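The next block holds one structure in the form of structure tokens; read it before the comments.
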Amino acid sequence: MYGINNCDTIKKARKWLEENGVDYQFHDYKKDGLSEAQLDSWLDELGFEALINKRGTTWRKLPDDIKDNINRDSARAVMLENQSIIKRPLLDTGSAKILGFKADEYQQLFS
């Protein structure tokens, strides 16, 4: 699981995983970093539109000209500069990547 430790959605997802006996590793990309190669693989698989959290304060604080003209390259640069803009959690099971947390989606995945 990738995300930021103090994120409420991360806390909910981690609690769900722990309560349901699912082993996982947590990578806090604020503390542990995010490599360009890792981000590029997510961009290739999920697309920049899915990865950017447009509901958060990080997005809202971006200048309008960046938001209005966002594309893969500019999104990549913004995500590398400020990982808080990446939607979380990003759960990587090895065979699937799930963005966000919905208990029923996790239940289906791990049952």
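Keep in mind the model is a prediction, meaning the values are calculated, not measured. Note that these values count all heavy atoms, side chains included, but never hydrogens, waters or copies made by symmetry.
- Nearest heavy atoms, P89 versus T9: CD-CG2, 3.6 Å.
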Audit row: Q83, L39, side-chain contact (heavy atoms from CB on, under 4.5 Å) steps and yes/no: CA-CA 10 Å; Q83 296 86 15; L39 180 58; over 6 Å; no
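- In the displayed structure, K67 atom NZ is contacted under 6.0 Å by more than 12 heavy atoms of other residues, nucleotides or ligands.
- One finds the CZ atom of R14 at 11.0 Å from the SG atom of C7 (value rounded to the nearest 0.5 Å).
- By the rule that hydrophobic residues join a cluster once side-chain heavy atoms approach within less than 4.5 Å of another member, I4 and M1 end up as members of separate clusters.
- Ion pairing between R76 and D73 fails under the 4.0 Å rule for side-chain N and carboxylate O.
- Linking ILVMFWY residues whenever their side-chain heavy atoms come closer than 4.5 Å, directly or via other members, places L43 and Y29 in the same cluster.
- Summarising the geometry, atom CG belonging to L109 is positioned 11.5 Å from atom CG belonging to D104; distances are rounded to the nearest 0.5 Å.
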Worked check of side-chain contact (heavy atoms from CB on, under 4.5 Å) between N20 and F110: CA-CA 9 Å; N20 288 275; F110 291 108; over 6 Å; no
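- Rounded to the nearest 0.5 angstrom, E105 CD and I98 CD1 are separated by 4.5 Å.
- Sorted by first then second residue, the side-chain hydrogen bond (donor to acceptor under 3.5 Å, both in side chains) pairs that include residues 45-54, not counting sequence neighbours, are E45-K97.
- Of all the heavy atoms in I70 and S74, the pair that sits closest is CA-OG, 3.4 Å.
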T58/V78 under side-chain contact (heavy atoms from CB on, under 4.5 Å): CA gap, chis, key distance, verdict: CA-CA 10 Å; T58 305; V78 168; 5.9 Å; no
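- Hydrophobic clustering, with ILVMFWY side chains joined whenever heavy atoms are under 4.5 angstrom apart, keeps L34 apart from L91.
- Taken together through direct or relayed side-chain contacts under 4.5 Å among Ile, Leu, Val, Met, Phe, Trp and Tyr, L46 and Y106 form parts of separate hydrophobic clusters.
- A heavy-atom distance below 4.5 Å is not found between the side chains of K61 and I85.
- Put simply, CD on Q38 and CG on D92 are 7.0 Å apart, with the number rounded to the nearest 0.5 Å.
- Here the straight-line distance linking atom OH of Y2 with atom NE2 of H27 works out to 6.5 Å at 0.5 Å rounding.
- Here the closest non-hydrogen pair linking I10 and F26 is CG2-CE1, 3.7 Å.
- Minimum interatomic distance between I52 and A75 (heavy atoms only, all atoms of both residues): CD1-CB, 3.6 Å.
- Under the 4.5 Å side-chain heavy-atom criterion for ILVMFWY residues, a single connected hydrophobic cluster contains both Y24 and W16.
- Atom NZ of K30 is separated from atom CG of N82 by 5.5 Å, given to the nearest 0.5 angstrom.
- The existence of a salt bridge linking R88 and D28 is excluded, since no basic side-chain nitrogen approaches an acidic carboxylate oxygen closer than 4.0 Å.
- Nearest approach of A50 to L99, heavy atoms of both residues: O-CD1, 3.3 Å.
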